[in-house]
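In the text below, chain A, chain B and the rest are named by the order of the sequence lines, each starting its count at 1.
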Protein chains: 2
Amino acid sequence: MTQLLDVRKMNILRAIVDDYILTAAPVGSRTLSKREDIELSPATIRNEMSDLTELGFLEQPHTSAGRIPSEKAYRLYVSNIMDRAKLTDEEAEYIRAHLERRVSEVGEVIKETARMLSGITKYTSIVQMPHLKNARLKHISLIPVTTGTALAVIVTNSGYTNSIMLDVPSGITAGHLEKISSLMNERLAGYKLVDVQKTLLPLLREEIGEQADSVAAMLSSLSEDKGRRGYEVVGAANMLDYPEYADVSKARSFLSELERGEIFKEVLSDGSGVEMTVRIGTENDNPELKDCSVITVSYRVGGEQVGSMAVIGPTRMDYEKVVAVLRCMSESLSNVLSGMLLSEPDAGGSDK
Amino acid sequence: MTQLLDVRKMNILRAIVDDYILTAAPVGSRTLSKREDIELSPATIRNEMSDLTELGFLEQPHTSAGRIPSEKAYRLYVSNIMDRAKLTDEEAEYIRAHLERRVSEVGEVIKETARMLSGITKYTSIVQMPHLKNARLKHISLIPVTTGTALAVIVTNSGYTNSIMLDVPSGITAGHLEKISSLMNERLAGYKLVDVQKTLLPLLREEIGEQADSVAAMLSSLSEDKGRRGYEVVGAANMLDYPEYADVSKARSFLSELERGEIFKEVLSDGSGVEMTVRIGTENDNPELKDCSVITVSYRVGGEQVGSMAVIGPTRMDYEKVVAVLRCMSESLSNVLSGMLLSEPDAGGSDK
DNA sequence: ATTAGCACTCAGAGAGAGTGAGTGCTAACA
DNA sequence: TGTTAGCACTCACTCTCTCTGAGTGCTAAT
């Protein structure tokens with residue numbers, strides 16, 4: 001693929017985006033020519049800008065204003081900074097240290113992640129709770145609630161609990177449920193939730209015979225994500241600091257949308273396997289996000305994706321910083337969680 | 001106590017408050033004289049308004065504007081509408097019906113309560129999760145997490161789960177914990193959490209002898225509220241609809257404060273025994289709430305207070321409506337929860 | 001005690017002028 | 001041929017000024 005733009009155009013475009021990200025005001029030719037990294041006269045720059053406008057990288061709010069970057073420009077800009085976005089060692093250290101302080105409980109770690117993301121970037125952050133499927137089972141209780149439903153309370157290593165309502169197949173009695181949970185507790189503690197099912201099946205066959213299969217089906221929702229996963233949202237109010245949301249009604253609809261929670265389906269959509277995705281403006285399906293960019297990254301436990309986190313900001317967000325922070329945060333969170341969730345199953349507590 | 005204001009002054013003041021609540025604009029004498037319930041000339045009204053201003057019930061933004069009610073006026077106004085605030089039967093029915101549809105899980109009921117509160121009033125609502133102490137125990141697991149800490153997972157009737165980190169006294173082993181939980185499950189299911197402790201103590205003495213007391217102490221935090229209680233906040237963005245928050249920076253600081261969560265300590269403070277409290281403007285300790293009014297009401301399970309809910313709005317909120325809605329909501333939620341949490345402990349599930 | 005009348009106040013809306021950052025085009029220059 | 005200086009033009013913003021109208025307080029008449 002041949003270079004889309006020559007070096008000079010690239011430089012000018014980058015400078016415009018940089019400037020616009022900082023000031024949110026249309027950038028003019030004179031402003032650019034004053035920068036030390038561009039040694040051209042305003043007139044020359046105007047010519048280049050005119051070209052860039054024609055190519056669709058710049059837009060003009062009105063004739064006598066400067067130019068602002070188009071979504072296409074951000075796209076190009078992002079693909080360029082993607083490699084070099086990197087935090088200083090101190091910043092990375094800061095993140096790691098803060099995250100490891102909170103090592104007591106998964107929920108707390110997720111909350112702290114969201115807080116830091118929004119604290120450092122000054123945008124809105126969303127962090128999803130980790131998927132359970134790779135966590136190791138510490139304890140499970142199946143508690144009948146009404147006819148046909150039971151509550152599964154799962155505790156994994158390090159005090160991460162989650163409860164999921166299950167539909168109990170007809171024919172399974174409370175007695176069965178009790179037997180199943182004690183079976184699981186005795187024989188399956190320390191197993192991964194995904195493995196629990198297949199390991200459990202033969203055991204079940206012995207115990208309850210023909211109904212084993214329907215029970216297994218019921219339990220399959222444990223390792224899936226039936227109990228809709230929680231997430232932490234922090235810094236929604238930050239958006240009000242940006243001139244993009246100076247208009248209260250705009251801010252209002254953004255915040256309402258956030259509260260509705262529908263956004264998350266899209267924002268945190270798994271992106272199966274992709275490390276990081278950047279959605280700029282109208283690339284977001286949700287029309288409420290058409291003036292926003294959303295950068296999503298997944299995090300892992302033991303090499304496998306178990307959740308995502310995202311930062312939402314105005315389209316002119318500081319992509320470089322956000323990408324760098326998210327990358328680092330994903331790394332750190334993955335490490336911390338892996339440490340917590342994959343530690344060898346202990347024998348059932350520590351005697352004195 | 002003799003009447004503070006004569007009838008005519010009261011009428012005028014009420015009319016001013018009514019009008020200001022509706023329009024958020026200073027009310028003038030001519031506007032008032034046009035109302036059918038006030039048959040006085042503007043001049044007369046001006047005289048009365050002048051008196052009311054002197055008495056501290058009205059304020060004047062500037063010489064040539066109308067009057068706006070002072071906090072003192074709201075106070076008086078509220079004490080008057082307190083009795084007559086009442087929903088129509090249809091509205092009350094609507095609330096009851098909606099709440100009872102969600103009868104499957106306590107968390108859902110609380111969320112729905114918050115949603116309805118904010119949906120009907122158009123203000124911000126906060127609803128606290130119920131205190132556990134009066135819930136009946138369905139299941140408990142004590143799961144060792146690290147040396148010195150264990151996770152208590154409590155399931156009460158109707159699938160309400162809560163987990164609390166406990167400090168395990170030294171000398172108590174994982175084996176002990178296991179024994180204690182199975183003891184509790186076998187013998188104490190159906191008991192109230194507050195009663196569990198005292199009923200458990202003799203049983204514990206038999207089983208683990210001298211350490212019984214330290215275990216009982218540990219379990220005491222179950223019926224207290226150590227694991228800080230959750231709450232649902234809905235409709236924060238609603239505040240942006242009111243001209244009071246047309247200034248973005250004001251909105252921003254309000255929302256940030258909400259997110260910080262410190263507000264709740266004050267807002268939901270138990271008010272031990274008081275049915276409903278109305279805090280107007282600077283009556284709130286939190287300076288961020290000095291332009292807001294907060295109306296709090298508690299709700300009960302089986303006659304005992306187990307939580308509160310609140311509506312936060314601008315000082316010129318529609319007190320009558322909010323009081324009425326909160327009163328009804330408290331009643332309905334209390335009923336629904338009592339139904340869910342106090343139902344006789346079933347024998348452990350329903351066989352087919 | 002109430003009201004009509006009148007002079008006065010003052011925020012807010014609207015019109016018009018001035019300012020300055022920006023553009024596009026043309027012609028000169030290296 | 002690419003770059004730059006010069007110039008006329010555009011247009012959002014800001015500032016100032018005026019006008020308007022809703023409101024007041026006081027006084028005198030009813």
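Annotation: the span from B/Arg75 atom CZ to B/Asn80 atom CG amounts to 11.5 Å, rounded to 0.5 Å.
With DNA chain C read from its 5' end, the first of the two nearest nucleotides for B/Glu48 and B/Thr63 is the one closest to B/Glu48. Residue whose closest nucleotide on DNA chain C sits further toward the 5' end, between B/Asn47 and A/Pro26: B/Asn47.
One side chain, B/Asn11 or B/Arg14, offers a donor N or O that lies under 3.5 Å from an acceptor on the other. Defined by atom type and a distance below 3.5 Å, a donor-acceptor pair is present between the side-chain atoms of B/Thr282 and B/Glu71. No side-chain N or O of B/Tyr74 forms a donor-acceptor pair with one of B/Thr315 less than 3.5 Å apart.
Between the CE atom of B/Met49 and the C1' atom of C/dT3 there is a distance of 17 Å, rounded to whole Å. In this structure, A/Ile68 places its CD1 atom 16 Å from C1' of C/dA21, rounding to the nearest Å. The interatomic distance linking B/Asp51 (CG) with D/dT24 (C1') rounds to 14 Å, in whole Å. In this structure, CD of B/Glu39 is placed 15 Å from C1' of C/dT3, rounded to the nearest angstrom. At whole-Å resolution of the value, CD in A/Gln60 and C1' in D/dC11 are 11 Å apart. At whole-Å resolution of the value, CG in B/Leu40 and C1' in C/dA4 are 15 Å apart. To the nearest angstrom, P of C/dT2 lies 13 Å from CD1 of B/Ile38. If you measure from atom CG of B/Leu58 to atom P of D/dG25, you get 11 Å, rounded to the nearest angstrom.
At the phosphate of D/dT24, neither OP1 nor OP2 sits under 4.0 Å from any side-chain N or O atom of B/Ser50. Within the structure, a side-chain polar atom (N or O) of A/Ser29 is placed less than 4.0 Å from OP1 or OP2 of C/dT23. OP1 or OP2 of C/dC6 has not a single side-chain nitrogen or oxygen of B/Arg46 nearer than 4.0 Å. For C/dG22, neither phosphate oxygen OP1 nor OP2 lies less than 4.0 angstrom from any side-chain nitrogen or oxygen of A/Arg67.
Checking C/dG22, C/dT3, D/dT4 against the side-chain heavy atoms of A/Arg30 singles out C/dG22 as nearest. Of the candidate nucleotides C/dA4, D/dC11, D/dA5, D/dC11 has the atom nearest to the side chain of A/His62. Comparing C/dA21, D/dG23, C/dG24 by their nearest atom to the side chain of B/Ser64 picks out D/dG23.
Within the nucleic acid shown, B/Ala65 comes within 4.0 Å of sugar-phosphate atoms alone, with no base atom in reach, counting heavy atoms only. The residue B/Thr44 sits close to a base: some heavy atom pair falls under 4.0 Å.
Within 3.5 Å, no donor on the side chain of B/Ser41 pairs with an acceptor on the base of C/dT3, nor the reverse.
Between B/Tyr319 and B/Tyr77, the ring-plane angle classifies as perpendicular under the 30° and 60° cut-offs.
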